Amino acid sequence: MKVVFGCDHAAVALKDQLLAEMREAGYDCADLGVAAGETCDYPDMAKALAEKVAAGEYDRGVLLCGTGIGMSIAANKVPGIRAALVTDCFGAKYTRLHNDANVCCLGARTTGPGLALELLRIFLETPFEGGRHARRVEKITQMEQR
Ligand code: RB5
């Protein structure tokens, strides 16, 4: 699975830690930055990453900022993106099972590194359930096409 990571200046340390862990776990990971000492406006990073996921360059995206909220709001403006702010294990599991979320958003100032790692593992390992949920996700896609 190809996974792309992006963050703003509020989340560099957590992004680097999660990226290293996921590479160790065998995921094919790319890093859009930012690096330590750099800054960026979260909508710019969210747009850059979301467009790559929507284009099929990567299977999943991971976006991190202070709260994860700004990244999720911005990423969801890109057609084809279902970005979920993930804060608990149940949410991490069910946003994959039911929403087929393709971008995981995490808050570096709100979620500790141990929980963030567990949430990301769940997000990446859980498949989409399909069935009645595919019909509902398709209705979201239709909303983008108006
Ligand atoms: C940056 O200071 C902060 O606003 C950003 O990381 C994020 O929390 C926005 O949603």
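Treat the numbers as computed from the prediction; the structure is a model and nothing was measured.
Expressed to the nearest 0.5 Å, how far CZ of Arg96 lies from CG of Asn102 amounts to 8.0 Å. How far NZ of Lys15 is from CE of Met45: 7.5 Å, rounded to the nearest 0.5 Å.
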| field | side chain to side chain contact (heavy atoms under 4.5 Å, CB included) assessment of Val12 paired with Val34 | value | CA-CA 7 Å; Val12 177; Val34 292; 3.8 Å; yes
| field | Working for side chain to side chain contact (heavy atoms under 4.5 Å, CB included), residues Leu120 and Phe5 | value | CA-CA 11 Å; Leu120 184 53; Phe5 286 73; 3.9 Å; yes
| request: With side chain to side chain contact (heavy atoms under 4.5 Å, CB included) as the test, would you mind laying out the steps for Val86 and Ile122 before giving the verdict? | output: CA-CA 10 Å; Val86 172; Ile122 293 168; over 6 Å; no
| message | Go through it in stages, so that I can follow the logic: the residues are Lys139 and Met143, the test is side chain to side chain contact (heavy atoms under 4.5 Å, CB included), and I'd like the CA-CA distance, side-chain angles, deciding distance and then a yes or no. | response | CA-CA 6 Å; Lys139 289 185 178 185; Met143 290 168 70; 5.8 Å; no
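Nearest heavy atoms, Ala75 versus Ala46: N-CB, 3.9 Å.
By the salt bridge (charged side-chain N to carboxylate O under 4.0 Å, His left out) test, Arg82 pairs with Asp100, sequence neighbours left out.
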Please report, to 0.1 Å, the donor-acceptor pairs under 3.5 Å made by any side chain of residues 110-118, with sequence neighbours excluded.
from: Thr110; atom 1: OG1; to: Gly107; atom 2: O; distance (Å): 3.2

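Remark: the backbone N or O of Gly80 is paired with a side-chain donor or acceptor of Glu144 at under 3.5 angstrom. Formation of a donor-acceptor pair under 3.5 Å by the Lys2 side chain with backbone atoms of Ala30 is not found in this model.
By the 6.0 Å contact criterion, CG on Asp31 is enclosed, its count of non-hydrogen atoms from other residues, nucleotides or ligands being greater than 12. Taking a 6.0 Å sphere around CD of Glu138, one finds it holds more than 12 heavy atoms contributed by other residues, nucleotides or ligands.
The aromatic rings of Phe90 and Tyr94 lie parallel to each other, their planes meeting at an angle below 30°, with 60° marking the opposite boundary.
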